[in-house]
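Inspection log for the structure reproduced underneath, given as structure tokens.
Side chains are part of it too, since the values below use all heavy atoms of this structure and drop only hydrogens, waters and symmetry mates.
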Amino acid sequence: MAARFFPFLLFLTFSAAFTPQDNFLINCGSNSSTLVADNRHFWGDSSDKSSGYMSEGKSLSLINPNSSSNSAVLYTTARVFTSASRYTFNIKNLGTHLVRLHFSPFTSRNYDLKNGKFSVFANGISLLSSFSTNVTIIKELFYMVDKDELEIMFMPDSDSDFAFANAIEVFSAPKDFFIDAGGIALISPEGIAEFKQNVSSQVLETVHRINVGGPLLTPFNDTLWRTWIPDEDFLVLKSAAKVARTSNPPNYLPGGATREIAPDYVYMTAQQMNIVTGSLVNHFNITWDFPVRSEGAVHLVRLHFCDIVSIALGTLYFNIYINEVTAYKDVDLSVLAFHRLASPFYIDFVVKNMKGSGVVRISVGPSDLSNTLRKNAILNGVEIMRMVNFVPSPVSSKKRNKWILLGCVVGGVFVLSLAVVMILTILRCRKREPKPKSRRSESAGWTSLRVFGGSSQATISEGTALASPGPYGYYDLKIPFVDLQLATNSFDKNLVIGSGGFGMVYKGVLKENIKVAVKRGVPGSRQGVPEFQTEITILSKIRHRHLVSLVGYCEEQSEMILVYEYMEKGPLRNHLYGTNSPPLSWKQRLEICIGAARGLHYLHTGSAQGIIHRDIKSTNILLDENYVAKVADFGLSKSGPCLDETHVSTGVKGSFGYLDPEYFRRQQLTDKSDVYSFGVVLFEVLCARPAVDPLLNREQVNLAEWAMEWQKKGMLNQIVDPHLRGQIKLSALKKYGETAEKCLAEYGVDRPTMGDVLWNLEYAYQLQMNDRQRATDGNADDAEAPVVIVPGIPLSRADNEGDDDGGGSDISTSRVFSQLITNEGR
């Protein structure tokens with residue numbers, strides 16, 4: 001089956017190839033176009049198409065006299081440079097570019113290319129130094145182009161040396177291929193620290209690209225025309241590993257990996273622990289050794305994961321070790337990959353080898369959190385890239401000059417000391433009010449937290465610091481890591497109360513016995529940094545009874561930790577299905593929906609632009625000890641459109657089952673996207689089932705579609721949670737279902753605002769709680785529609801609406817929702 005499937009997969013992968021804005025493919029020494037095996041055209045640098053790339057220098061073309069029909073077409077010619085020579089490319093898309101240099105030495109009448117010795121530069125930055133080769137090799141480098149011209153220069157090492165190249169590729173990398181948001185872990189012999197520099201500013205040379213558990217993948221199979229080699233030769237103990245594979249394509253989700261990060265087939269195969277059935281002796285690791293340059297070289301290590309084994313084994317927890325250091329403990333791929341199996345994810349690490357070490361050792365092994373009979377660990381892919389011109393820290397030059405500066409001031413110490421004594425004497429006589437610490441003075445890690453909706457250069461202002469200690473004993477939102485360790489008993493796994501895409505959530509107790517929820521980001525992962533920054537900038541500026549409050553945050557020791565008020569009853573979802581919690585009454589459910597709607601309404605209208613949540617779902621509505629609902633998790637939030645705009649153009653983010661289809665199609669975000677998601681929550685509350693349940697019949701898998709079918713047939717009562725039977729008045733149910741239906745309108749313009757939704761839910765609550773009943777034919781369900789007096793609406797109209805046996809269920813948006821624009825209407 002796999003053999004039949006694989007060729008079709010390769011065709012799909014190739015057909016969806018990435019199209020770079022900058023794309024220069026040069027066949028050096030040739031005067032014609034060449035079509036290579038991956039269906040790309042390389043243009044000869046002597047042809048009219050490419051003649052403008054060579055700007056200066058002495059060079060000549062060579063033809064390989066030993067080439068045959070089986071030879072790689074790019075290696076039948078070469079260009080030899082006898083002096084410093086340049087190719088110049090006009091760049092349209094600034095940013096990271098892939099530079100591939102092809103070298104295949106052959107011997108001609110006048111030159112043996114194996115004797116070439118030279119260096120290669122990109123805009124003056126060294127890519128290769130004193131390079132020579134006697135075998136065919138491709139040097140692949142990632143280089144940040146920050147101006148509209150890229151110059152690749154080949155320079156012979158001496159007058160007697162020469163340089164050569166067979167082919168050159170220069171093309172722009174996908175956006176966000178490297179994310180410079182901070183938070184990446186630095187693994188060194190000393191342990192783990194935070195890598196303070198931007199990865200994209202480094203010149204990165206690919207050393208290894210490994211398809212773990214899978215076959216060789218050629219450029220034809222990769223959207224970025226890369227080669228992935230099998231991992232078998234790098235396994236330290238082959239018997240410790242067992243191949244896992246699937247024939248199903250990966251579930252690519254917003255915020256995770258893409259086909260440009262790695263092709264499908266990397267995520268469809270893996271190595272897992274080779275555990276003998278029934279054996280309890282499974283505390284071992286799978287280990288790979290990858291040869292690299294020694295003498296303290298620094299590498300970027302990218303590990304690829306896709307959980308294709310948990311279907312059979314249940315929840316998968318495992319640990320990652322790099323050079324014998326615990327790089328990531330208790331990995332839970334279901335959390336990292338947005339609670340979806342077979343969803344690709346990757347984690348970056350910067351690794352500094354100790355001097356004399358010629359390998360990077362990577363291991364995965366079982367976590368103590370795993371069930372004894374279900375211990376396992378997996379790895380799907382590995383990439384190792386050397387930082388070519390790595391400089392340990394830009395502040396080193398300051399350190400070199402510190403003695404000079406010190407010498408300059410020593411001569412004035414005596415005079416200054418006299419002045420200091422006089423000042424201290426004066427100050428001692430004065431009473432001074434203690435000043436609170438400023439946020440800026442303490443900022444040591446995230447030095448440029450982005451202001452929500454503002455410029456990328458904007459930072460949180462000092463005005464957000466509290467003038468005096470807040471209710472949790474801190475002068476501002478920043479909480480020391482040691483306090484959080486103490487509060488959570490060093491992040492005891494027994495205190496875990498939840499998990500999400502950002503990381504694990506722990507119950508903690510801060511000073512003065514204050515309970516908090518501590519959300520700890522994934523160590524070493526930079527994919528959660530934007531969410532971390534957004535949560536701080538949003539929640540540090542807003543307060544509302546129905547929005548979860550941010551107590552503080554921590555950014556020390558490569559940690560990303562958010563601290564919230566503790567919500568005793570946890571997520572709404574836990575009280576609807578999937579747990580042993582007692583079912584909520586209909587009155588409680590209405591009150592929870594109304595509270596969440598109030599929070600969202602405030603979010604949308606509480607500032608000039610408003611804030612769009614972007615991830616409304618039942619797990620992001622939390623309940624306190626009194627079942628008061630509060631909206632949580634603002635990591636994906638965005639500022640709303642400006643006054644002269646109708647939407648915000650942005651990449652699609654959110655959760656499947658709740659995602660606004662119009663937003664998904666057009667990538668245009670409005671507050672009506674939140675309204676759609678809230679409509680799904682309304683049906684989730686009513687029916688007590690997940691938004692998406694793949695185990696149900698096909699027509700029932702998607703809750704929104706299924707519930708809308710029953711709503712349109714007027715038979716919504718048929719799918720109500722059985723626990724609610726006999727509790728819901730028909731009039732209230734009709735108004736509730738009508739509100740949910742309006743939220744789920746196909747187009748945002750047809751959906752109500754959250755203020756409208758709130759009004760209607762409160763109206764449904766009034767219908768439910770009003771004790772007035774009128775006589776009918778004796779059917780209690782049909783005798784419960786009260787006459788509701790709505791301020792601002794004439795009594796005659798209210799009476800007419802009350803006469804409808806649906807309790808006013810046909811009230812239109814224009815007739816009722818419009819009352820919200822007047823004070824009397826509320």
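- Shortest non-hydrogen contact noted between Asn702 and Arg689 is C-NH2, 4.2 Å.
- A distance-only check finds a donor-acceptor pair linking the side chain of Asp307 to the backbone of Val309 [under 3.5 Å].
- Heavy-atom minimum distance, Val496 versus Met504: CG1-CE, 3.4 Å.
- Residue Asn494 holds its CG atom at 12.0 Å from OG1 of Thr488, rounded to the nearest 0.5 Å.
- The closest donor-acceptor contact from the side chain of His613 to the backbone of His604 lies at 3.5 Å or more, if one exists at all.
- Annotation: side chain of Tyr267 is in contact with side chain of Ile261 (closest heavy-atom distance under 4.5 Å).
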Worksheet item: Between Val563 and Cys554, is a side chain to side chain contact (heavy atoms under 4.5 Å, CB included) present by the stated rule, with each step listed?
Response: CA-CA 8 Å; Val563 184; Cys554 177; over 6 Å; no

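- Aromatic ring orientation, Tyr627 versus His575: perpendicular (interplanar angle above 60°, classes split at 30° and 60°).
- You'll find the side chain of Leu484 stays beyond 4.5 Å of the side chain of Glu559, heavy atoms only.
- In this structure, Trp706 and Gln700 approach most closely via the heavy-atom pair NE1-CG, 3.5 Å.
- No more than 12 heavy atoms of other residues, nucleotides or ligands shown are found within 6.0 angstrom of CZ on Arg698.
- A salt bridge does not link Glu709 with Lys713: every distance from a Lys NZ or Arg NE/NH1/NH2 to an Asp or Glu carboxylate oxygen is 4.0 Å or more.
- Remark: of the listed residues Asp633, Val518, Ile536, Ile536 is the sole one forming a side chain to side chain contact (heavy atoms under 4.5 Å, CB included) with Leu562.
- Counting only heavy atoms from C-beta outward, the side chains of Lys729 and Trp586 never approach each other to under 4.5 Å.
- Put simply, the side chain of Asp721 gets close to the backbone of His723: a donor and an acceptor are under 3.5 Å apart.
- Between Ser673 and Arg614, the closest side-chain pair of non-hydrogen atoms is not below 4.5 Å.
- Checking side-chain atoms of His546 against main-chain N and O of Ala629 turns up a donor-acceptor pair under 3.5 Å.
- Without hydrogens or angle criteria, Thr739 side chain to Leu761 main chain gives no donor-acceptor distance under 3.5 Å.
- When the shell of 6.0 Å around CZ of Arg545 is examined, it contains 12 or fewer heavy atoms from other residues, nucleotides or ligands.
- The shortest heavy-atom contact between Asp750 and Ala745 is CB-CB, 3.8 Å.
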Worksheet item: Does the pair Ile594 and Glu591 meet the rule for a side chain to side chain contact (heavy atoms under 4.5 Å, CB included), with working shown?
Response: CA-CA 5 Å; Ile594 289 170; Glu591 290 172 343; 5.7 Å; no

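- The structure places CZ of Phe683 at 12.0 Å from CD of Glu705, a figure rounded to the nearest 0.5 Å.
- Asp756 and Thr753 share a donor-acceptor pair across their side chains, judged by distance under 3.5 Å alone.
- In terms of heavy-atom proximity, His544 sits nearest to Arg598 at CE1-O, 3.9 Å.
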Discussion item. Show, in sequence, the C-alpha distance, side-chain angles and deciding distance for Val701 and Val692, and conclude whether the side chain to side chain contact (heavy atoms under 4.5 Å, CB included) test is met.
Written reply: CA-CA 5 Å; Val701 168; Val692 176; 4.0 Å; yes

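- With ring centers used as reference points, Phe318 lies under 6.0 Å from Phe305.
- Going from atom CZ of Arg751 over to atom NZ of Lys742 covers 13.5 Å, rounded to the nearest 0.5 Å.
- For the pair Val551 and Ile514, the minimum side-chain heavy-atom distance is 4.5 Å or more.
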Practice prompt. For Ser367 and Lys329, run side chain to side chain contact (heavy atoms under 4.5 Å, CB included): C-alpha distance rounded to whole Å, both residues' side-chain angles, the deciding distance at 0.1 Å, then the answer.
Written response: CA-CA 7 Å; Ser367 163; Lys329 187 174 177 61; 5.8 Å; no

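- With a 4.5 Å cut-off on side-chain heavy atoms, Leu584 and Leu572 count as touching.
- Residues Leu733 and Leu716 share a closest heavy-atom pair of CD1-CD2, 4.1 Å.
- By the 4.5 Å heavy-atom criterion applied to side chains, Gln768 and Lys587 are not counted as neighbours.
- A heavy-atom distance below 4.5 Å is not found between the side chains of Tyr736 and Leu767.
- A donor atom on one side chain and an acceptor atom on the other are found under 3.5 Å apart for Tyr658 and Glu684.
- A salt bridge between Lys672 and Glu662 is absent, with no side-chain N of the basic residue lying under 4.0 Å from a carboxylate O of the acidic one.
- With hydrogens and angles disregarded, no donor-acceptor distance shorter than 3.5 Å links the side chain of Thr619 to the backbone of Pro571.
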